[in-house]
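Labels below follow one simple rule: chain letters A, B, ... track the order of the sequence lines, proteins then strands, and each chain is numbered from 1. Predicted model, so just to flag it, every value in this text is computed and none were measured.
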There are 2 protein chains.
Amino acid sequence: MVKRITIKEIARKADVSIGTVDRVLHNRGRVAEATREKVLKIAKEGNYSSNVMARHLKLNKTYRISVILPEENNYWLMLKEGIEDGCAEFGQMGFTAGYCFVANDGSQAMQLNRILNTDADGFIIAPSAFHQQTDLLSKLREKGKPYVFVDSNIIDGGQLTFIGQDSYRSGVLGACLLHDKYLSDYEIYITTFSESDIKEQIIKNRIEGFRSYFDENQISHVNIHEVNLEKDQMNADDFLNVLLKHENPVHLFIPNSKTYKLTEQLIQFKETNQLRVVGYDLLQSNLRLLNGGAIDYLIHQKPKMQGYLGMQSLYKNIVLKTDVPLHQYMPLDIINKENVMYCQ
Amino acid sequence: MVKRITIKEIARKADVSIGTVDRVLHNRGRVAEATREKVLKIAKEGNYSSNVMARHLKLNKTYRISVILPEENNYWLMLKEGIEDGCAEFGQMGFTAGYCFVANDGSQAMQLNRILNTDADGFIIAPSAFHQQTDLLSKLREKGKPYVFVDSNIIDGGQLTFIGQDSYRSGVLGACLLHDKYLSDYEIYITTFSESDIKEQIIKNRIEGFRSYFDENQISHVNIHEVNLEKDQMNADDFLNVLLKHENPVHLFIPNSKTYKLTEQLIQFKETNQLRVVGYDLLQSNLRLLNGGAIDYLIHQKPKMQGYLGMQSLYKNIVLKTDVPLHQYMPLDIINKENVMYCQ
DNA sequence: AAAATATGCGGTAACGTTACCGCAAACTAA
DNA sequence: TTAGTTTGCGGTAACGTTACCGCATATTTT
C-alpha cells in the first residue's frame, strides 16, 4: 500500500496553507474558485481520504447510541451482548450505548417518546418494540439521526439499514428440515401459542415460507396443520393428545422461540413416536431440549451478531461516513446437537 | 461511560511531568522508585489505558503481514478475501498484507525460507503449506514475530492463535447429517481421491469423528465403507459402478472439498437412487452441485471469516496489545440448497 | 579535588486533523 | 475620500501519545 496523502502534502502541492485545504475539503467557503479546483484536483489525484484517527483525536467527541428493545428476556439480552461487543470495539472512538426495554403496557407510548427525545447520536431499534405505534417513525425521521432496525424490518422506514433474517426464507428452510422424501405420509403441525404470535409479520412470513416449500416442490405426502393454542383453546397437554391420535409420524414446526413451552409434552412424545421438531432461537430452555434430543433443529437468528452489526453500521455511518447496505441479512444458521457447541 | 484518564491528568495528579509518566508507563527507567509507585497508583486508580489512536498517530507505523497459503485455488482465495476485508478495516492502522502461494514442488523450501526472512511484522499461515517441513517452525519462533495458523493446526507450534474448525467434530456433524434412523439398512462410503488426501491430519480427524458417531450411538443398520480412488485404483466411473451394485440405499461422505470430482457420476446416480451426499466447502463447482440437488449438505469452513479473524487477531496482538484466545473455532456451518443464498 | 558518569526529572516536537483568529487586499457604501 | 464590509488566505492551538534532548543534582571514578 502506498502511503496515504495528507492535507499537509496537498497544501504543499497546491502551494496554499493547510487552512485553505481544510476549507475546501469541508466546503466552508472563503476560497477562490481557482484555488478550490486546484486543491480538489490534487486531493482527487492523491486519492485523499481523511485520517479517521487524527480526526477523532481532534474532535474528541463521544457518541451515544440509544437501544430500544421490546422486553428484557433472554433473546434480547443476547442481542444486547453483541451491542456490548461493539461498545468494546468502538469504545475507543467514543461509542457508548444506553438501553431501554419497552414494556408492552399503558406507559409504552410515553416511554418511547421519552427515549426518542434524548439527544442520542443514533438508535438501534427492534421494530416490534414499537408495537402498533407507527407514528413514532416520523418522529425518528425528523430528528435526522441514523437508526437501524434489528430482528424485524419496516419497509421504507427511513432506516440506515436492516439487520436480521429473511423470515420468509427461514420458513422455507424450516420446511426443508422437516421434509423427508423417504418417509410415506406424515403430519406436520405449525404450532403457535398466544394470539399475538400470529399477528407478528415475522411469524406470518415464516409460515408462508414454510408452506411455499411444500407447494412449490409439489410434495403431497405431507399433511400440514396449523394450531394456535390460545385461539384454539388448548393447553399443552390437549395438544399432545391431538398429536398422539395420529397413526402417521408427526413433525412440528414452531415458528418462534417458544418451543420450550412444550417441554414436558415434547419429551413424553419423543419417547414413543417418530417425531422431528424444528424451532427457533438458542434460548437456554431450547438448548436443553436440543441437547436432550427433544428438539432436532433450531434456526439461529444470531441475535448477538445482529447487535454487533448494529453498532458497526452506526460506527461506519457516523464516524467513517461510509455507506452501509440497506439490508444486512443474517445467515440462516442450522443448529443441531452436533454443532451447537461451536455456534456463535 | 466515564471519560478516560490521560497521561496529562496522571501527570497533574502525581505532580510530575508527562515525560515522567511516560517513562513509568513504558518502563524506560530514570525514575525514582517513589515517583514510579505514585504514578502507577494513580494510573491504576484511573483505570488508565493508552489511547490507541493517539499512539498510532504519533508512531505512524505500518505493519506488514505475510500470508502463506498452499496454492492459489478457490478455497484459499476465499480466505484471502477475508484478509482483504481485514486490510480494509485495519488499513487505517497501517495494516497491509502480502501473499505467497507455496507450490508443492522442489522450490518449496527455498520459497518458504525467503518469505520467513522478509521483515514482516506478523504472519498468517496455513500449516498445510509447510508440507512436511516442520523445521521451519523453529525459524518462525526465533523471529519473535506473532503468527497465526488458519485452517489446520499444529499443537504447541508457538502460534498466537489457531483459527479453524474442530475437524473431529465436523466429522461427527457429517455423520449426523447422514444418519437416518427411519431408514432400514443402508451403506455409507467415505470417499477420498488422491493418496495425499488421507495423509492430511485434518482428513484423518474428520473420518475418525465420522466413524465415532455411529460407534458411540451404537447404530448398527449402517455399513460404512472407506474408498480412496487412487489407492484402490478406481476412476470415478468405476466407483459409480461399485455404488450401483448395492441394493440398499447408499450415502456418501466426502471429507474434503473435492466432491465436485464426482460431478457426472453424482448426477447420474441421484436420478435413480436414494442417496444423500455430504461434502465440504463452498467452491463454485460444489455450489453448482448443491443447487442442482446432487449434493445435499456442504459443511462450510468459513474460510473468509478465518482470513478476517487472522488479521483481527494480529491487530489485537500488535496494535491493541490485548490477549487473543489460543483457539478460535469456526462454527460448523450446515449449508444446503435453502440457506446457501444467505451464507457468509 | 577535579573530572566523569549516573540519576531524576521537565520540556517539547511531531503525528493529521479541525476550528478557529486575524490580516491584508478588494470591494461597497457613506 | 473615508469608513465599513467582504473575500481570500495564512497561521496556530489542541486532541493524547511517544521519543527524544537537556538540565540540574547526585554519585562514582580518576
Side chain of [X]: nearest nucleotide among [options]?
X	options	answer
Ile7(B)	dT17(D), dC15(D), dC9(D)	dT17(D)
Thr6(A)	dT18(C), dT12(C), dG16(C)	dG16(C)
Arg23(A)	dT12(D), dT18(D), dC9(D)	dC9(D)
Arg30(B)	dT12(C), dG16(C), dT7(C)	dT7(C)
Ala54(A)	dC9(D), dT17(D), dG16(C)	dG16(C)
Thr35(A)	dT17(D), dC9(D), dC15(D)	dC9(D)

Note to self: Using only atom types and a distance under 3.5 Å, with no angle test, would you say the side chain of His56(A) pairs donor to acceptor with the backbone of Met93(A)?
What the structure shows: yes
- Message: A side-chain contact here means heavy atoms from C-beta on lying under 4.5 Å apart; do Leu320(A) and Tyr315(A) qualify?
- Response: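 Leu320(A) reaches Tyr315(A) side chain to side chain.
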The side chain to side chain donor-acceptor pair (under 3.5 Å) partner of Thr161(A) among Gln312(A), Lys316(A), Gln328(A) is Gln328(A)
Interatomic distance where [atom1] belongs to [X] and [atom2] belongs to [N] [whole Å]:
X	N	atom1	atom2	answer
Leu25(A)	dA19(C)	CG	P	12 Å
His56(B)	dA14(C)	NE2	C1'	14 Å
Asp15(A)	dG8(D)	CG	P	18 Å
Arg36(B)	dC9(C)	CZ	P	12 Å
Asn51(A)	dG16(C)	CG	C1'	6 Å
Gln92(A)	dC15(D)	CD	C1'	14 Å
Arg28(B)	dC20(D)	CZ	C1'	8 Å
Lys321(B)	dT18(D)	NZ	P	9 Å

Practice task
Find which nucleotide of DNA chain C each of Lys8(A) and Gly29(B) is nearest to by heavy atoms, and output the residue with the more 5' nucleotide.
Solution key: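 Taking each residue's closest nucleotide, the earlier one in sequence belongs to Gly29(B).
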By nearest-nucleotide position on DNA chain C, the 5'-leaning member of Arg55(B) and Glu33(B) is Glu33(B)
Give [X] one of three labels, base, sugar-phosphate or nothing, depending on what nucleic acid heavy atoms sit under 4.0 Å from its own.
X	result
Leu59(A)	sugar-phosphate
Asp22(B)	base
His26(A)	sugar-phosphate

Judged by nearest nucleotide, the residue sitting upstream toward the 5' end of DNA chain D, Val31(A) or Ile18(A), is Val31(A)
Which class fits the ring pair Phe149(B) and Tyr147(B): parallel under 30°, tilted 30 to 60°, perpendicular over 60°?
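Ring orientation, 0 to 90° scale: tilted.
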When every non-hydrogen atom of Gly157(B) is compared with those of Arg141(B), the smallest separation belongs to C-NH1, 3.8 Å
Closer than 4.0 Å, any side-chain N/O of [X] to the OP1 or OP2 of [N]?
X	N	result
Asn60(B)	dG16(C)	yes
Thr20(B)	dC9(C)	no
Ser17(B)	dG10(C)	yes

- Are Lys80(B) and Tyr99(B) in a cation-pi setup, meaning NZ or CZ lies under 6.0 angstrom from the ring centre and within 45 degrees of the ring axis? yes
